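Notes follow once the structure below has been shown.
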Amino acid sequence: MVSEAVPLPKAVSFAKVDGPNGPVVIVQLHLNSGHLSMSKRALITGITGQDGSYLTELLLQKDYEVFGIVRRSSSFNTQRIDHLYQDPHEPDTRLRMIYGDLNDSSSLNTILRKTQPDEIYNLGAQSHVRVSFDVPEYTGEVSGLGAVRLLEAIREIGIRPKFYQASSSELFGKALEVPQKETTPFHPRSPYACAKAYAYHITVNYRESYGLFACNGILFNHESERRGETFVSRKITRAATRIKLGLQEKLYLGNLDAQRDWGYARDYVEAMWMMLQADEPDDYVIATGETHSVREFLDEAFEYLNLDWTNHVETDERYLRPAEVDLLLGDAGKARRILGWKPTVSFKELVRIMVDHDLKLAEAESAAKTIDSTVANSASWGTI
Ligand code: NAP
Ligand code: GDD
């Protein structure tokens, strides 16, 4: 599914066919091929992640031509977008994958020069907060410096795409006010949040220095049935459904008192797109305006399955963080007023969407009588 080079879509193709009076050359204009097209081109880093997959769906629905940067992996890492696959050999393909890496400026320069995007969504990151304490330097490279590598490539090449930076509510960290909004001071509490603070500020700096249409989306936690399985929401819904079917006995977690403002990822990618369609570039908080503890997430998920989580959940201090973010609650009033954005999925609905999805996975696992060793072992691997 990934192209090795960056093939520029053909604007014109020729075919020679036999007509009644001899050979005829057919010239075909591919009106959605980019140069001749009215449709926009988007480039997405992190296209294989949770948000990247939903954003790609959204942009394809809106008739964009989408290019995604995929990093080389020894096993397949495109599961979240495989359903969107389009044959790269077809001239009218609207989704193309390109190998690259946020750690590799030269690949980013080449990709930007060849794809000439109208919009860039920088979603790529080492996005796990707990893991960032284990690989702080790497996290800084990808989640922090990755942004400036893209911004510098834009400046050097001289293109003028709109730029979206995936900023995070983790920036508020040890929050100085509740709820948090665009003007709330940052107090990052992890190497991940420090890296994202750099990316946030450099995005603002390129907007102010070079007049780039660059926006920060300060997104609060958003989850879905495509959420990585080591984030707490999905870890809970995977485990609860497996416990329900007798595939697992225990679930090991860290801090159950942490509170998060949890929304649905599909709603949140809509906000990313809206920011780049606004009249002026700006930074926006995207949140539901409700906060719930990990304990409440457990209540909701296990009760839906008629289970009592206190019989199954145990604490393992390896899942605690050296510095914790205790409470996040966002005020997305600015996004509502200026962009017209609001969330559509409640906390209860979110948990149920995820449980319903994971119950099907557990049923398939049970029917196949094979234990998914990835999930079964995840509680004992590393510290995530
Ligand atoms: P995710 O599922 O962890 O996806 C991260 C993406 O980044 C994956 O496609 C990953 O590729 C890619 N990536 C990792 N290292 C890379 C590198 N060196 N070069 C290029 N790509 C790389 O994250 P998400 O939940 O979709 O979040 C999207 C973005 O929003 C991230 O920047 C995250 O920090 C930020 N954010 C997320 C939330 C949230 O609640 N989800 C909230 C605020 C901000 P592989 O698939 O190969 O690993
Ligand atoms: N991952 C995890 N695993 N978290 C746990 C566990 C566990 O076993 N037990 C308790 N928690 C607590 C964490 O300590 C944290 O307070 C909360 O659950 C949420 O953890 P995560 O789901 O890992 O998300 P996060 O809030 O740290 O970070 C996510 O949201 C950020 C936006 O606020 C990530 O998606 C970040 O990339 C994103 O920026």
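Keep in mind that what you see is a predicted model, and the values were worked out from it rather than measured.
- No continuous path of hydrophobic side-chain contacts links Leu219 to Leu171 [ILVMFWY only; heavy atoms under 4.5 Å].
- Not one N or O on the side chain of Gln165 forms a donor-acceptor pair closer than 3.5 Å with the backbone of Ile202.
- Cluster membership check: Leu150 does not share its hydrophobic cluster with Val204, using side-chain heavy-atom separations under 4.5 Å among Ile, Leu, Val, Met, Phe, Trp and Tyr.
- With 3.5 Å as the limit, one finds no donor-acceptor pair spanning the side chains of Asp257 and Ser293.
- The closest donor-acceptor contact from the side chain of Gln277 to the backbone of Met274 lies at 3.5 Å or more, if one exists at all.
- Side-chain atoms of Asn77 and Thr48 include no donor-acceptor pair closer than 3.5 Å.
- A side-chain donor-acceptor contact under 3.5 Å links Lys235 to the backbone of Tyr252.
- Checking side-chain atoms of Lys162 against main-chain N and O of Leu276 turns up a donor-acceptor pair under 3.5 Å.
- No hydrogens or angles considered: a donor-acceptor pair under 3.5 Å links the side chains of Glu177 and Thr184.
- Checked against Arg260 for a side-chain contact (heavy atoms from CB on, under 4.5 Å), the options Val294, Val232, Val325 give a single hit: Val325.
- A distance below 6.0 Å separates the ring centres of Tyr200 and Phe186.
- Side chains of Trp341 and Tyr268: no donor on one and acceptor on the other come within 3.5 Å.
- Phe67 and Ile157 fall within a single hydrophobic cluster, where Ile, Leu, Val, Met, Phe, Trp and Tyr side chains are chained together by heavy-atom contacts under 4.5 Å.
- Ion pairing of Glu229 with Arg238 is present here, as a side-chain N (NZ or NE/NH1/NH2) and a carboxylate O approach within less than 4.0 Å.
- Side-chain polar atoms of Thr288 and Asp261 form a donor-acceptor pair below 3.5 angstrom.
- A salt bridge links Glu300 and Lys348; the closest N-O separation between the charged side-chain nitrogens and carboxylate oxygens is under 4.0 Å.
- Remark: Arg160 does not engage Asp118 in a salt bridge, criterion side-chain N to carboxylate O under 4.0 Å.
- Salt-bridge annotation for Asp51 and Arg226: absent, with no side-chain N of the basic residue lying under 4.0 Å from a carboxylate O of the acidic one.
- Between Lys40 and Glu119 there is a salt bridge, since at least one side-chain N of the basic residue sits less than 4.0 Å from a carboxylate O of the acidic one.
- Cluster annotation: Leu361 and Leu245 are assigned to distinct hydrophobic clusters (Ile/Leu/Val/Met/Phe/Trp/Tyr, side-chain heavy-atom contacts under 4.5 Å, transitive).
- A side-chain N or O of His292 and one of Glu290 form a donor-acceptor pair less than 3.5 Å apart.
- Using a 3.5 Å distance cut-off with no hydrogens or angles, the side chains of Tyr54 and Glu270 do not pair a donor with an acceptor.
- Ion pairing between a basic and an acidic side chain is recognised when a charged N comes within 4.0 Å of a carboxylate O; Arg242 and Glu365 show such pairing.
- Contact check on Glu141 versus Arg149 returns a salt bridge, with a Lys/Arg side-chain nitrogen under 4.0 Å from an Asp/Glu carboxylate oxygen.
- Linking Ile, Leu, Val, Met, Phe, Trp and Tyr whenever their side-chain heavy atoms come within less than 4.5 Å leaves Leu329 and Phe172 in two separate clusters.
- Separation of the Phe297 and Phe347 ring centroids falls under the 6.0 Å cut-off.
- Remark: aromatic rings of Trp262 and Phe231 are distant, center separation not under 6.0 Å.
- The main-chain N or O of Leu123 is found under 3.5 Å from a side-chain atom of Thr45 such that the two form a donor-acceptor pair.
- Judged purely by atom type and a 3.5 angstrom limit, Asn221 has no side-chain atom pairing as donor or acceptor with the backbone of Gly263.
- One finds a salt bridge joining Glu152 and Arg155 here, because a Lys/Arg side-chain nitrogen approaches an Asp/Glu carboxylate oxygen to under 4.0 Å.
- In this structure a side-chain-to-backbone donor-acceptor pair under 3.5 Å is missing from Asn216 to Ile218.
- The pair Arg266-Glu57 counts as a salt bridge, with a side-chain nitrogen and a carboxylate oxygen less than 4.0 angstrom apart.
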